[in-house]
Amino acid sequence: MRSPSRRALVAVVATLVVLAPIGFFWQRSLIPNDLSPMTMGYADYGGGPASAHHGTDVSRLTGPVDQTPDVAVDLVAREERFDIPGRGPMDGYTLNHTSPGPRIVAKQGDLVQVTLRNENVADGITLHWHGVDVPNAEDGVAGVTQDAIPPGKSFVYRFVAKDAGTYWYHSHQVSHEQVQKGMYGVLIVQPTAADVIAAVHTYDKVRTVNGEYGERRVRAPGPIARVRLINTDNGPMAIWVDGASYKVVAVDGTEVNAPTEVSGKAVLVTAGGRVDLEIPTVKAVRIGLGGGPTTLVIGDGDAPTGGEPRDRVDLLSYGAAKPLGFDPVKATRAFRYDIGRRIGFFDGKPGLWWTINGHQYPDVPMFVVSEGDIVRMTIKNTSGQVHPMHLHGHHVVVLSRDGVRATGSPWWTDSLNVEDKETYEVAFVADNPGIWMDHCHNLPHAAQGLVTHLMYTGVTTPHHLGGSPNNQPE
Amino acid sequence: MRSVYRALAGLIAIGVLVQAMAIALAWFTVIKDVDDGSVFSENSDANVGHMIHTIVGSGIIPLLAILLLIISFFAKVEGGVKWALYVFGLVVLQFGLAVASFGAPVVGALHGLNAFALLAVAGMAARRAAGPAPAAESPATATGATT
């Protein structure tokens, strides 16, 4: 028989052998409470020149400072109970006592000024102008372009609405909670007389259109409606039209070149994405919004009720090609953005977590570019789930999907639906200096670390993730 | 130590029962919600059943399995380390099957089956630690261990 002390020693050693690797990986996964976007992760220069970051502070990259705004909006954010017409009361977040917040409408070229005050949201707030390529200081990302606005304080956003189109705005502080619970609104640049807005939002399990539940009806604006569909949810949504054929006339704020008529097909609007449809509305039509009881009927009388068509419009080949305005072949930097998933710890929690290029947040690649670069990026998803990828401050054009070249109207997007086992190649011109988030717009995924930045050389940010303002952009 | 070993193994077996109850609760709740006009989507918060299943499955049971393994090194249970390793291995397998099931739901059937294996093995481990310690080891080592 082994001596008792020897036996105890073996037991202690065996315990260490079990605990040491677990402790090591647990400890390594902890995220510091005060993290600078400038120093987190590792720099990825995409084959371009490496250079240090010093120079312009993001807070100086603002919209016009002294001009009189053409559109001035005051918004007050509150945590409170509000009413969902057709459903009942809901606890969440409002802007000026409503969710969605007030619709902001501007003409192309207008200077928009939004004064945002936080009345009682304890975690702090920001507003991000989703799809609008604003100057960096106006981008509204807590911990990157500004500090979260604490209760009792205000922040002024100013930007020129230079591109016509359908956009939306939402909080980018604790966004996975604040957006889902109602802190968002619609932003339209250059509205038309034919406009019908359909902003879809699911409060937990209650799907709404323009904040209302069930079959909602609007008057037909004329013989033809331009329906501006906005998906403010975390997952992709199929949209279809019962009772008429339609054309997809814009995607993510960019007009489609030579759109063709579509019938018997759905169109996918990914999380954060927008699609404008042109629909004849002489007879009543029903817009299917991802299934469920909430639909939008345009016009009077009975509208047909159908199911989701099996086929979908493929934007890769929809419409007619035209010049992009730049040559992606002359790219000066090329990045890859591989989305994976692995078992392990994330901030001390065991589970199954996202990776970017095999690395886990915050040890993720920071994509470094210089102003004027032509950038190519290959986004590859092998993570088992769909990811709506959103790059701030820029629009990217899709070059190919799974090796098949884009042949339709240039597919400019800011919110790209990347299914599992899909690979997209996109390109863009680095023309908006700053530090820009590049993340999954399934916001809980972003909160689980599927987030990185596009950083311009010569730009720095003084803001920190965490820290005393408790900046938590996701 | 034997009673701790027994208690941990028993708790793992109970944990498996809780998991079966929680996942049934979770999906019946979803069905009821959808009947009531809700949608189940990426925007839906996890319901109570989902939450219990996640916390117990990825947190509590793995923790108990690790503790059981550590305790087995010290407790004088005949074949205790071996049975603790069986439990640990089945917990790892169960986690792996869950991970694989998100991509291939058919694997989820094995996740359900493996739960019964874990329940049985944890129960058998608990039984091995039932009753007093083996006579050959207890008096000598109990006093000797303090030196």
Side-chain angles (χ1 to χ4, degrees), chain A residues 1-5 7-8 10-19 22 86-87 176-177 179-181 200-208 213-214 231-237 271 289-294 341-343 349-352 382-386 388 420-421 441-445, chain B residues 1 29-30 32-47 54-55 57-63 65-76 80-81 84-85 88 91-92 95-96 98-105 134 136-147:
Chain A
M1 199 166 77
R2 285 180 301 188
S3 78
S5 59
R7 193 178 189 283
V10 169
V12 168
V13 169
T15 301
L16 289 175
V17 167
V18 171
L19 287 182
I22 295 171
R87 185 74 181 190
H176 73 281
E177 184 192 321
V179 178
Q180 194 246 51
K181 291 187 170 177
V200 178
H201 188 76
T202 307
Y203 297 87
D204 186 6
K205 293 180 270 291
V206 181
R207 181 166 293 157
T208 63
Y213 172 87
N231 180 356
T232 67
D233 280 342
N234 287 318
M237 175 172 52
L289 304 168
T294 295
R341 205 178 191 193
R342 72 165 173 232
I343 295 170
K349 284 198 293 289
L352 193 55
T382 55
S383 70
Q385 285 192 19
V386 59
D420 182 37
K421 299 187 180 69
H441 219 277
N442 183 329
L443 298 170
H445 288 183
Chain B
M1 279 295 181
T29 304
V30 170
K32 173 79 162 60
D33 285 347
V34 170
D35 281 346
D36 291 346
S38 296
V39 291
F40 187 74
S41 69
E42 284 88 342
N43 262 54
S44 310
D45 293 332
N47 65 40
T54 303
I55 293 166
S58 68
I60 293 174
I61 291 180
L63 197 67
I66 290 164
L67 285 175
L68 179 69
L69 187 58
I70 290 168
I71 291 298
S72 77
F73 301 145
F74 297 94
K76 292 163 196 74
V81 174
L85 278 170
F88 185 77
V91 169
V92 170
F95 194 84
V99 168
S101 302
F102 289 113
E137 275 194 78
S138 60
T141 45
T143 50
T146 53
T147 56

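Just so it is clear: chains get the letters A, B, ... in the order the sequence lines come, proteins before strands, and each one is counted from 1.
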**OP:** May I ask you to decide if B/Asp45's main-chain N or O and A/Asp204's side chain share a donor-acceptor pair within less than 3.5 Å?
**Re:** yes
Subject >> Engaged part of B/Ala75 at the chain A interface, taking heavy atoms whose separation is under 4.5 Å >> reply: backbone
Subject >> Results of salt bridge (charged side-chain N to carboxylate O under 4.0 Å, His left out) for B/Asp35 - residues two or more places apart only >> reply: none
Subject >> Stepwise side-chain contact (heavy atoms from CB on, under 4.5 Å) check, A/Val12 with B/Phe74 >> reply: CA-CA 8 Å; A/Val12 168; B/Phe74 297 94; 4.0 Å; yes
Original post:
Side-chain contact, heavy-atom cut-off 4.5 Å: A/Tyr203 with B/Asn43?
Top reply: no
Original post:
Going from NZ on A/Lys205 to OG1 on B/Thr29, what distance comes out if it is rounded to the nearest 0.5 angstrom?
Top reply: 8.5 Å
Subject >> Proximity breakdown for A/Pro350 and chain B, heavy-atom pairs closer than 4.5 Å >> reply: both
Original post:
At a heavy-atom separation under 4.5 Å, does B/Phe40 approach chain A through its side chain, its backbone, both, or neither?
Top reply: neither
Subject >> Smallest separation among heavy atoms of A/Arg7 and B/Phe73, with atom names >> reply: NH1-O, 3.9 Å
Original post:
Considering only heavy atoms, which portion of B/Phe88 lies under 4.5 Å from any heavy atom of chain A: side chain, backbone, both, or neither?
Top reply: neither
Original post:
Given the options A/Val206, A/Asp420, A/Ile343, which has more heavy-atom pairs under 4.5 Å with chain B than any of the others?
Top reply: A/Ile343
Subject >> Heavy-atom contact with chain B under 4.5 Å, split by part of A/Leu443 >> reply: neither
**OP:** Apply the test side-chain contact (heavy atoms from CB on, under 4.5 Å) to residues B/Ser41 and A/Arg207: give CA-CA distance (whole Å), side-chain angles for both, the deciding distance (0.1 Å), then the verdict.
**Re:** CA-CA 10 Å; B/Ser41 69; A/Arg207 181 166 293 157; 4.0 Å; yes
**OP:** Could you pull out all residues at least two apart from B/Lys32 that satisfy side chain to side chain donor-acceptor pair (under 3.5 Å)?
**Re:** B/Asp36
Original post:
Looking at A/Pro293 and B/Gly37, what are the two nearest heavy atoms and their distance?
Top reply: CG-O, 3.3 Å
**OP:** Drop me the distance from B/Glu42's CD to A/His441's NE2, to the nearest 0.5 angstrom.
**Re:** 14.0 Å
**OP:** Give the member of A/Val18, A/Thr15, A/Val179 that has the highest number of heavy-atom pairs under 4.5 Å with chain B.
**Re:** A/Thr15
